[in-house]
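What follows is a single structure, written as structure tokens, with notes after it.
All heavy atoms count here, side chains included; hydrogens, waters and symmetry mates do not. For ligands, and for the atoms within them, numbers begin at 1 and follow the listed sequence.
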Amino acid sequence: VNEKKISQSRADTLVVIPTYCEAANIAPFITEVLGAINCDILVVDDDSPDGTGRVVLDHFENDPRVSLLSRRGKQRGLGPAYVDGFTRALEAGHPYVAQMDADFSHRPAELPRLREAASRADLVVGSRYVEDGRAAGLGKFRRLVSQGGSLYARAILGLPIRDVTGGFKCWRRETLEVIEFASVASTGFAFQIEMNYRVHKKGLSMVEVPITFDERRSGASKMSTGIFLEGLAAVWRVRLGRWR
Ligand SMILES: Nc1nc2c(ncn2[C@@H]2O[C@H](COP(=O)(O)OP(=O)(O)O)[C@@H](O)[C@H]2O)c(=O)[nH]1
Ligand SMILES: [Mg+2]
């Protein structure tokens with residue numbers, strides 16, 4: 001898979017979409033995002049064996065709004081993928097950088113609301129656990145883990161938000177510029193917790209916007225026991241670390 005160079009910033013918003021084995025979701029998902037908001041898109045793929053990167057090129061190679069960052073031969077993981085994606089996002093110059101999952105759990109139709117809120121907050125967090133937010137796509141167990149995890153991390157880290165692990169967000173570029181995200185070490189969903197903590201510690205403002213989290217449309221979750229345990233441990237590592 002050839003890497004397509006990121007286009008010079010056209011829209012004011014770049015949507016970063018991490019993918020690992022999302023071949024069946026990614027093309028319709030990108031189409032839906034492009035239809036929902038005026039934006040550019042950066043897919044950050046970890047050389048998915050199911051050919052996700054190939055699908056992106058096949059469908060969007062000639063669309064200047066869509067770029068692919070193919071992380072070949074690098075250590076897999078959501079965190080490192082985001083670090084590379086956000087680095088590229090800042091280089092591309094967009095004033096707003098959104099992030100969302102490729103599996104249709106996050107609704108493209110809700111993106112404009114997040115982007116809108118980013119004009120009055122340093123970070124906008126799409127939230128399942130505020131009034132009008134929904135976690136319909138989480139099974140009973142996943143919901144317990146997710147909601148319990150949010151309470152746990154919120155209590156230990158003093159975060160002012162209720163959904164600390166979600167991956168549907170909109171950043172102001174200035175926020176990404178000051179939190180030194182390249183040193184964020186978590187590889188799984190703990191990456192989201194760690195990013196939120198840094199924003200909070202910098203004294204920057206975070207607002208939660210209610211979202212509905214749907215079931216993934218196709219393929220399988222990459223959530224694992226290892227990623228879950230990393231999340232539990234990361235909360236303490238972050239709490240006791242340099243970013244106190
Ligand atoms: N680049 C990259 N993306 C990943 C990795 N793990 C998960 N993702 C993507 O991150 C998003 C959320 O992952 P998912 O497996 O749906 O987690 P869940 O929603 O918590 O079950 C999806 O778009 C995945 O394809 C990874 O190691 N590398
Ligand atoms: Mg998912």
Side-chain angles (χ1 to χ4, degrees), residues 1 3 15-30 32-33 41-56 66-89 98-108 110-111 125-129 133-150 153 163-169 181 184-195 211-232 234:
V1 177
E3 190 178 305
V15 182
V16 176
I17 306 174
T19 56
Y20 191 74
C21 292
E22 304 286 1
N25 294 316
I26 192 63
F29 187 72
I30 289 174
E32 211 173 300
V33 171
I41 291 179
L42 174 63
V43 176
V44 186
D45 182 62
D46 277 10
D47 212 7
S48 301
D50 74 345
T52 302
R54 184 76 256 163
V55 172
V56 173
V66 180
S67 301
L68 171 68
L69 174 57
S70 198
R71 303 178 68 250
R72 306 182 70 177
K74 293 212 181 175
Q75 189 208 355
R76 249 198 69 199
L78 193 54
Y82 270 125
V83 168
D84 281 1
F86 288 152
T87 302
R88 290 285 284 272
Q99 58 173 90
M100 63 198 302
D101 295 351
D103 58 2
F104 285 96
S105 282
H106 299 147
R107 296 181 174 180
E110 297 187 326
L111 194 45
V125 174
S127 182
R128 297 161 285 190
Y129 308 129
R134 291 191 172 73
L138 289 181
K140 274 213 176 88
F141 179 70
R142 278 291 305 268
R143 197 197 171 106
L144 200 76
V145 168
S146 171
Q147 238 173 330
S150 269
D163 189 339
V164 304
T165 59
F168 193 6
K169 301 178 173 180
F181 61 80
V184 172
S186 304
T187 60
F189 68 81
F191 178 82
Q192 316 292 0
I193 301 176
E194 210 170 340
M195 293 287 277
I211 58 159
T212 293
F213 184 92
D214 293 315
E215 231 167 288
R216 75 157 39 242
R217 190 176 281 184
S218 179
S221 169
K222 282 98 223 170
M223 177 70 165
S224 65
T225 309
I227 289 176
F228 172 70
L229 293 176
E230 180 201 46
L232 289 185

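- In this comparison of Arg76, Gln192, Gln99, Met223, the heavy atom closest to atom 6 (N) of ligand 1 sits on Arg76.
- The atoms of ligand 1 that sit less than 4.0 Å from any heavy atom of Ala102 are 23 (O).
- Across Asp45, Asp46, Asp47, a single residue satisfies salt bridge (charged side-chain N to carboxylate O under 4.0 Å, His left out) together with Arg71, and that is Asp46.
- Contact check for His106 versus Phe213: side-chain heavy atoms found under the 4.5 Å cut-off.
- Scanning the protein for heavy atoms near atom 8 (N) of ligand 1, the closest one is Leu78 CD1, 3.7 Å.
- For atom 27 (O) of ligand 1, the closest heavy atom belonging to the protein is Gly77 N, 2.8 Å.
- Look at Glu215 and Arg142 and you find no salt bridge, because none of the NZ, NE, NH1 or NH2 atoms lies under 4.0 Å from a carboxylate O.
- Rounded to the nearest 0.5 angstrom, Leu42 CG and Leu69 CG are separated by 5.5 Å.
- Side-chain contact of Arg54 with Ser70: a donor-acceptor pair under 3.5 Å is absent, judged by distance alone.
- Taking the side chain as every heavy atom from C-beta outward, Phe189 and Ile227 approach each other to under 4.5 Å.
- Regarding atom 22 (C) of ligand 1, its nearest protein heavy-atom neighbour is Glu22 OE2, 3.3 Å.
- Here the heavy atom of the protein found nearest to atom 17 (O) of ligand 1 is Ser221 OG, 3.9 Å.
- Ligand-side atoms of ligand 1 in range of Arg142: 18 (P), 20 (O), 21 (O), range being under 4.0 angstrom from any heavy atom.
- Here Gln147 contributes atom CD and Asp163 contributes atom CG; the two are 9.0 Å apart, rounded to the nearest 0.5 Å.
- Under a 4.0 Å criterion applied to the non-hydrogen atoms of Arg216, ligand 1 contributes the atoms 14 (P), 15 (O), 16 (O).
- Atoms of ligand 1 lying under 4.0 Å from any heavy atom of Asp103, numbered from 1 in the order shown and given with element: 16 (O).
- Aromatic ring orientation, Tyr82 versus Phe191: parallel (interplanar angle below 30°, classes split at 30° and 60°).
- Among all non-hydrogen protein atoms, the one lying nearest atom 28 (N) of ligand 1 is Asp46 OD2, 2.9 Å.
- Among all protein heavy atoms, the one lying closest to atom 7 (C) of ligand 1 is Lys222 CD, 3.7 Å.
- Residue Val44 has at least one heavy-atom neighbour below 4.0 Å for each of these atoms of ligand 1: 1 (N).
- Taking the six-membered ring where the residue is Trp, Phe181 and Phe86 present perpendicular rings, their angle passing 60° and hence far from 30°.
- The distance from atom CD1 of Ile211 to atom CZ of Arg107, rounded to the nearest 0.5 Å, is 9.5 Å.
- Counting only heavy atoms of the protein, atom 9 (C) of ligand 1 lies nearest to Pro18 O, 3.4 Å.
- At a heavy-atom distance under 4.0 Å, no atom of Arg71 approaches ligand 1.
- Counting only heavy atoms of the protein, atom 2 (C) of ligand 1 lies nearest to Thr19 O, 3.3 Å.
- Separating the CD atom in Glu32 from the CG atom in Leu111 is a distance of 11.0 Å, to the nearest 0.5 Å.
- Taking a cut-off of under 4.0 Å to the non-hydrogen atoms of Ala81, the atoms of ligand 1 that pass are 1 (N), 2 (C).
- The name of the N, O or S atom in Asp103 nearest to the Mg ion (ligand 2) is OD2.
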